[in-house]
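Below is one structure, written out as structure tokens; the observations come after it.
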2 protein chains.
Amino acid sequence: MSNAKVLPLLEPEGPEGQDVVPCCPPLTERPMTAAEAETAARMFKALGDPVRLRLFSAVASHEDGEACVCDISDVGVSQPTVSHHLKKLKEAGLLTSERRGTWVYYRVEPSVLAAMGKLLTLPAAA
Amino acid sequence: MSNAKVLPLLEPEGPEGQDVVPCCPPLTERPMTAAEAETAARMFKALGDPVRLRLFSAVASHEDGEACVCDISDVGVSQPTVSHHLKKLKEAGLLTSERRGTWVYYRVEPSVLAAMGKLLTLPAAA
DNA sequence: CACCTGTATCGATAGGCGTCAACATAGGCA
DNA sequence: TGCCTATGTTGACGCCTATCGATACAGGTG
């Protein structure tokens, strides 16, 4: 494990704290390169499943942007399926997880959410 | 065909021109319902493929948010595959198409892009 | 009309993915 | 130590989908 893996949409930048730079410019700025598209698509894909989207929203809207699995696992699928989807969200860099005693808590990465939002920025709509 | 079909992320609202209301609140506001997630996931899924993301970006970044297929079809896959992906983007409500003489032009729906952006809005980041 | 180019559709195929039951692992508690 | 709960992993199954070649359709040009 370790935290050597970098979040897909972001690259750590500079030693001044938690600065990050988005992987890609807004979709409307210029055509994305193949590499950029590969990276960004991974995140969109992760949110492209209704169950995952609900899980993500449940975590993101929970107090402090963090929630125990037990708080959010009522989405109509079996427990292994919930676990599977949370893993996918983690692999996509949208969530992080931490075990605290009996329970495992998942937390959103606000900077990633912001980066995705910027991707969908409009140029200068009239 | 006809334009009876409503864009997935938006619902026409009121007779005052092009007003639309987003299908769902920001992800962080409250846990999405199953129905909301179903709708929103359809759009994320459409952007969850690298080829489609490049095609979408190519159209969105093109002059006037519109591009001929011939201008954007150089993404490393066959012509039928390009056509297939453009159709998917159209079905997801992200693009519209119009034939003008020999060529077919695809155009982005700015309001849909904006709605997706709002979905990823942060609450009140410090 | 015949021909060429641009785009869409069809049919087939291989791989990806969501889902579950069964099992494994981790931590708390008696 | 043994048991219970919470969560993750494994293996299997069926569906969805990205891709292609072949073909069809549309529109321009001669």
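These figures come from a predicted structure and were not determined experimentally. We name chains A, B, ... by the order of the sequence lines, and we start the count at 1 in each one.
- B/E109 and B/G93 make their closest contact through CB-O, 4.1 Å (heavy atoms, listed as atom of the first residue, atom of the second, distance).
- Atom pair B/W103:CH2 and D/dG27:P shows a separation of 13 Å (rounding to whole Å applied).
- The side-chain contact (heavy atoms from CB on, under 4.5 Å) test with B/V51 singles out one residue from B/H85, B/K88, B/H84, and that residue is B/H85.
- Nearest to the side-chain atoms of A/H84 among the listed nucleotides D/dC20, D/dA18, C/dT19 stands C/dT19.
- Residues A/K88 and B/C70 each lie close to DNA chain C; by heavy-atom proximity, the contact nearer the 5' end of the strand is made by B/C70.
- For B/E36 and B/R30, the salt-bridge test passes: some basic side-chain N is under 4.0 Å from an acidic carboxylate O.
- Atom P of nucleotide D/dA18 and atom NZ of B/K87 are separated by 13 Å, given to the nearest angstrom.
- Taking atom CG on A/L55 and atom P on D/dT7, their separation rounds to 12 Å, with Å as the unit.
- Heavy atoms of B/V51 sit under 4.0 angstrom from primed sugar atoms or phosphate atoms, though from no base atom.
- If you check residues 56-63 of chain A against DNA chain D, you find no residue with a heavy atom closer than 4.0 Å.
- Atom pair A/Q79:CD and C/dA21:P shows a separation of 11 Å (rounding to whole Å applied).
- Between A/S78 and C/dC20 there is a side-chain polar atom (N or O) within less than 4.0 angstrom of OP1 or OP2.
- Distances shown here put every side-chain N or O of A/K45 at or beyond 4.0 Å from the OP1 or OP2 atom of C/dG16.
- A side-chain donor-acceptor contact under 3.5 Å links A/R99 to the backbone of A/G101.
- In this structure, of D/dA26, D/dT7, C/dG18, it is D/dA26 that holds the atom nearest to the side chain of B/R99.
- In this structure, A/T96 contributes its side chain and A/K90 its backbone to no donor-acceptor pair below 3.5 Å.
- A/Y105 comes within 4.0 angstrom of nothing in the nucleic acid, heavy atoms only.
- For the residue pair A/S97 and A/V104, the shortest heavy atom distance occurs at CB-CG1, 4.2 Å.
- A/S57 contributes a side-chain N or O that, together with a main-chain N or O of B/M32, makes up a donor-acceptor pair within less than 3.5 Å.
- At whole-Å resolution of the value, NE2 in A/H85 and P in C/dC20 are 8 Å apart.
- Between A/F56 and A/L113 the shortest side-chain heavy-atom distance falls below 4.5 Å.
- When rounded to the nearest whole Å, the span between CD of A/E98 and P of D/dT7 equals 14 Å.
- Looking at the side chain of A/P80, the nearest of the listed nucleotides D/dT19, C/dA21, D/dT7 is C/dA21.
- Across all strands shown, B/R52 has heavy atoms under 4.0 Å from sugar-phosphate atoms exclusively, and none from any base.
- Candidate nucleotides C/dG18, D/dT17, D/dG8 were compared by shortest atom distance to the side chain of A/V104, and D/dG8 ranks first.
- Look at B/S83 and you'll find a side-chain N or O under 4.0 angstrom from OP1 or OP2 of C/dA8.
- Residue A/T102 is classed as a sugar-phosphate contact, given heavy-atom separations below 4.0 Å to backbone atoms only.
- Atom-to-atom, CD of A/E91 to C1' of C/dG16 comes out at 14 Å; the value is rounded to the nearest Å.
- If you take CZ of A/F44 and P of D/dT17, they are 18 Å apart, rounded to a whole angstrom.
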